[in-house]
2 protein chains.
Amino acid sequence: MAQNDILTWQSIHAEILRRISTRVWAPGAQLPKDVELAAEFGCSRSTINRAMRELADAGLLDRRRKAGTRVALHPIRKATLEIPIVRRDVEARGGIYRHQLLGREVTIAPLLITSKLGLETGAEMLHLPALHFSDGAPYMVEDRWVNPAAIPAILEVEFTTTSANEWLVQNAPLTTGDISFSATNATAQQAGMLQATEGDALFAIERSTWVDDVAVTNVRMTYAHGFKMHTQL
Amino acid sequence: MAQNDILTWQSIHAEILRRISTRVWAPGAQLPKDVELAAEFGCSRSTINRAMRELADAGLLDRRRKAGTRVALHPIRKATLEIPIVRRDVEARGGIYRHQLLGREVTIAPLLITSKLGLETGAEMLHLPALHFSDGAPYMVEDRWVNPAAIPAILEVEFTTTSANEWLVQNAPLTTGDISFSATNATAQQAGMLQATEGDALFAIERSTWVDDVAVTNVRMTYAHGFKMHTQL
DNA sequence: AAGTGGTCTAGACCACTGC
DNA sequence: CAGTGGTCTAGACCACTTT
């Protein structure tokens, strides 16, 4: 029943997935060891390994040396969503992109920012608030703080054509970071900039990034009312 | 400079990442072909392949047959976030979980639901609204519609101890789906259930799932005010 | 048509971990 | 200590794309 003609790791992946779905292997159940499966499918162990690894990465299998492979008790679904780069996001939705820098000054950063980035209180940072448009309509407000100590070059850049977002993506070798998504009520100021009503529910993304433990930037992006982030499972 | 003593695909992955970060290979630049890199690092092509594949999956490299490998122009960051299973989510945050079924009837589903799932208008579905608590405080309101044709067994289940969410995860072999995240203002009803104020910005997740093109369920989960979804990059 | 990445194999050794 | 998955290799063939 297993010996299909074409044996790719993907077909094995699919077959294992099928057996999990149809509860041939129920949650918590132990799977045959790799060698046995290789024998059953008539392929090499590497191929089995590849298929199983994908499933383990996806959170559907639990693999441990010596203990073997089991179907995860709680098949955690992981959604991989692409962090939107504003310009691409807007253009992907068919809009014409434009952005406007609202300020640019080096000042003492708010405690809220420095603490999130792990910088000492009272550190000076480059503040770059900006507004992004889609087809002329406000799309997103960006409140960005950059640590000039991490990227001195940024002090020289004019952000007229390139946004800070894009410049950083191209020039800051970002390696680690964390990100959070939330909902907030529009402040009067945000409402004004986003052509919304004060109190409107707005989708916000906040991101902090570091390079080798050196804080680079913290940015809070607040989207216009009605924004949705969408992805496949 | 490359011949380190221990050659794992991870060390090569790290080294390539380093070269991208330090702009040895700038965005858009072409990398040596796999065979050449294998020679440089003194390892087999498979190992190079593994390292490069991870980077390509992460969106940092662009690999195409015959065209070779390039550093992605727009290093898209992909965040993999785990879709929260309420109970685990609450418990992970240190709370005691409890849930309460608010209704359970088979009725004609709203057009909004049937159209999203691709079911015919006027189809009958099982409606399962529920409220989830953390330490006795309302945590999330769930508005779920299940297609009984896809899972007849669900009609027999009492959802007193197990939530529909958990039962489905265990029993519905979910294969495909889509999910969206948004911000909405609390309706009077939601405000009442979540101990919030009408108009409060609430974080909402909406998910639809199918098994082999058969619609299984659509669920809208609206979280209490202040909820954040967090992940690492 | 030719070049480059994608994948498979068979065998080997290693690293973790449960007994 | 012994069993199981993790990874590496060398070589081969295939699939996709660009020229």
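All values derive from a computational prediction rather than experimental measurement. Chain letters run A, B, ... following the sequence lines, proteins first and then strands; every chain starts at 1.
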What residues form a side chain to side chain donor-acceptor pair (under 3.5 Å) with B:Asp143, not counting sequence neighbours?
B:His127
Protein-nucleotide distance (A:Trp9, atom CH2; C:dG5, atom P), rounded to Å
19 Å
Test side chain to side chain donor-acceptor pair (under 3.5 Å) applied to B:Arg220 - qualifying residues, sequence neighbours left out:
B:Glu206
Looking at DNA chain D, which of residues 52-64 of chain A put a heavy atom within less than 4.0 Å of it?
A:Arg63, A:Arg64
The side chain to side chain donor-acceptor pair (under 3.5 Å) partner of B:His132 among B:Arg98, B:His99, B:Glu142 is B:Glu142
Would you list the pairs meeting side-chain hydrogen bond (donor to acceptor under 3.5 Å, both in side chains) in which at least one residue belongs to residues 27-38 of chain B, sequence neighbours left out?
B:Gln30-B:Arg70, B:Asp34-B:Arg63
What integer distance in Å separates A:Ile12:CD1 from C:dT7:P?
13 Å
Which residues satisfy the salt bridge (Lys or Arg N to Asp or Glu O under 4.0 Å) test with A:Asp89, sequence neighbours excluded?
A:Arg93
With sequence neighbours excluded, residues passing side chain to side chain donor-acceptor pair (under 3.5 Å) with B:Ser182
none
When you measure from the side-chain N and O atoms of B:Asn49 to the phosphate of C:dG5, is any distance below 4.0 Å, counting only OP1 and OP2?
no
Of all the choices, D:dG5, C:dC8, D:dC8, which nucleotide is nearest to the side chain of B:Thr47 once you look at every atom?
D:dC8
Atom CG of B:Leu7 and atom C1' of D:dT7 are separated, to the nearest Å, by 12 Å
For the helix from C:dA1-D:dT18 to C:dG18-D:dC1, what angle lies between the axis at the first five pairs and the axis at the last five pairs, to 10 degrees?
20°
Using a heavy-atom cut-off of 4.0 Å across all strands, would you classify A:Gln10 as base, sugar-phosphate, or nothing?
sugar-phosphate
What residues, two or more places apart in sequence or in another chain, satisfy ring-ring contact (aromatic ring centres under 6.0 Å, His included) together with A:Tyr223?
A:Tyr139, A:Phe227
Using a cut-off of less than 4.0 Å, is there contact between a side-chain N or O of A:Thr69 and OP1 or OP2 of D:dT4?
no
Write down the protein N/O and nucleotide N/O pairs, taken from nucleotides 10-13 of chain C, whose separation is under 3.5 Å; answer none if there are no such pairs.
residue : atom : partner : partner atom : Å
C:dA10  : N6   : A:Ser46 : OG           : 3.4
C:dA12  : N6   : A:Arg45 : NH2          : 3.2

Quickly work out the A:Phe41 CZ to C:dT9 C1' distance and round it to whole Å.
17 Å
A:Ile48 CD1 to C:dT9 C1', straight-line distance once rounded to whole Å:
13 Å
Any protein N or O atoms within reach of nucleotides 14-16 of chain C? Criterion: under 3.5 Å, listing atom names and distances.
residue : atom : partner : partner atom : Å
C:dA15  : N3   : A:Arg65 : NE           : 3.4

For B:Asn165, what residues pass the side chain to side chain donor-acceptor pair (under 3.5 Å) criterion, not counting sequence neighbours?
none
With sequence neighbours left out, the residues meeting salt bridge (Lys or Arg N to Asp or Glu O under 4.0 Å) with A:Glu91 are A:Arg87
